[in-house]
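Input: a single structure, listed below in structure tokens.
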Amino acid sequence: QVQLVESGGGLVQAGGSLRLSCAASGRTFSSYAMGWFRQAPGKEREFVAGIKWSVTYYADSVKGRFTCSRDNAKNTVYLQMNSLKPEDTAVYYCAAGAMGVIDGDAAGYDYWGQGTQVTVSS
């Protein structure tokens, strides 16, 4: 069992930055693929970024603006978000799954955090 707790969300103006953190419980954090997803009001949950071992992958909408990283010693995964846009407004979730999870496939992730709100004002 893995428990995930996100933090770092908030209100920011367009063009600003935020860094989300996701702290994981358990001693096998390094063996999990980690992902970030988001869900805006009235929309489906969508993939944002992920990391397997040290390889990262991103949705086209955030490439060049967001950076996903992990610190296995701290059992934490991060999402650095720069050049934020109003359309980035959503609840952001982190998730953990097996390393074999298909990139961006939410159904493949076994554990989810409670989410953190990110609001970008124009």
Side-chain angles (χ1 to χ4, degrees):
Q1 188 78 10
V2 176
Q3 292 184 327
L4 304 172
V5 179
E6 301 99 333
S7 61
L11 174 64
V12 64
Q13 288 187 330
S17 298
L18 283 174
R19 188 176 81 154
L20 304 184
S21 299
C22 174
S25 65
R27 296 177 294 176
T28 59
F29 173 76
S30 61
S31 67
Y32 286 96
M34 300 299 296
W36 287 96
F37 293 78
R38 66 187 181 187
Q39 188 166 19
K43 294 188 178 181
E44 294 187 353
R45 188 171 298 190
E46 66 173 358
F47 168 74
V48 175
I51 184 165
K52 293 180 180 178
W53 296 283
S54 59
V55 178
T56 54
Y57 45 105
Y58 300 93
D60 288 343
S61 60
V62 307
K63 278 181 182 176
R65 300 188 298 124
F66 290 12
T67 302
C68 182
S69 62
R70 67 191 299 163
D71 185 338
N72 290 333
K74 295 182 178 180
N75 279 16
T76 301
V77 62
Y78 303 98
L79 185 67
Q80 177 67 44
M81 305 185 295
N82 299 328
S83 302
L84 282 162
K85 305 175 181 179
E87 51 264 43
D88 294 319
T89 295
V91 177
Y92 283 70
Y93 300 89
C94 73
M99 284 295 186
V101 66
I102 296 173
D103 295 355
D105 178 14
Y109 288 84
D110 301 307
Y111 305 101
W112 292 82
Q114 81 290 349
T116 186
Q117 177 70 47
V118 171
T119 303
V120 184
S121 63
S122 57

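- Side-chain atoms of E6 come within 3.5 Å of backbone N or O of G115 as a donor-acceptor pair.
- Between M34 and L4 the shortest side-chain heavy-atom distance falls below 4.5 Å.
- Between Q80 and L18, the closest side-chain pair of non-hydrogen atoms is not below 4.5 Å.
- For the pair V77/W36, a side-chain contact is recorded, criterion being any heavy-atom separation below 4.5 Å from C-beta on.
- Panel note: side chain D88, backbone K85; a donor-acceptor pair is recorded below 3.5 Å.
- Partners of F37 by ring pair (Phe, Tyr, Trp, His ring centres under 6.0 Å), not counting sequence neighbours, listed by chain and number: F47, Y109, W112.
- A search for side chain to side chain contact (heavy atoms under 4.5 Å, CB included) contacts involving Q117 returns T89, V91, T119, not counting sequence neighbours.
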Should V62 and M81 be marked as a side chain to side chain contact (heavy atoms under 4.5 Å, CB included) after you check the CA-CA gap, both sets of side-chain angles, and the distance that decides it?
-> CA-CA 9 Å; V62 307; M81 305 185 295; over 6 Å; no
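- Panel note: side chain S83, backbone R65; no donor-acceptor pair is recorded below 3.5 Å.
- Taking F29 as the reference, nothing meets the ring pair (Phe, Tyr, Trp, His ring centres under 6.0 Å) condition, with sequence neighbours excluded.
- For S30, the side chain to side chain contact (heavy atoms under 4.5 Å, CB included) partners are N72, not counting sequence neighbours.
- Checked for salt-bridge contact, D60 and K63 meet the test: a charged N lies under 4.0 Å from a carboxylate O.
- Side-chain atoms of T67 and L79, non-hydrogen and from C-beta on, never get closer than 4.5 Å to each other.
- Taking the ring centre of Y93 as origin, the terminal cationic atom of R38 falls outside the region bounded by 6.0 Å and 45° from the ring axis.
- With sequence neighbours excluded, the residues satisfying side chain to side chain contact (heavy atoms under 4.5 Å, CB included) with A23 are T76.
- Aromatic ring orientation, F66 versus Y92: tilted (interplanar angle from 30° to 60°).
- The side chain to side chain donor-acceptor pair (under 3.5 Å) pairs that include a residue from residues 9-24 are S17-N82, where partners are two or more places apart or lie in different chains.
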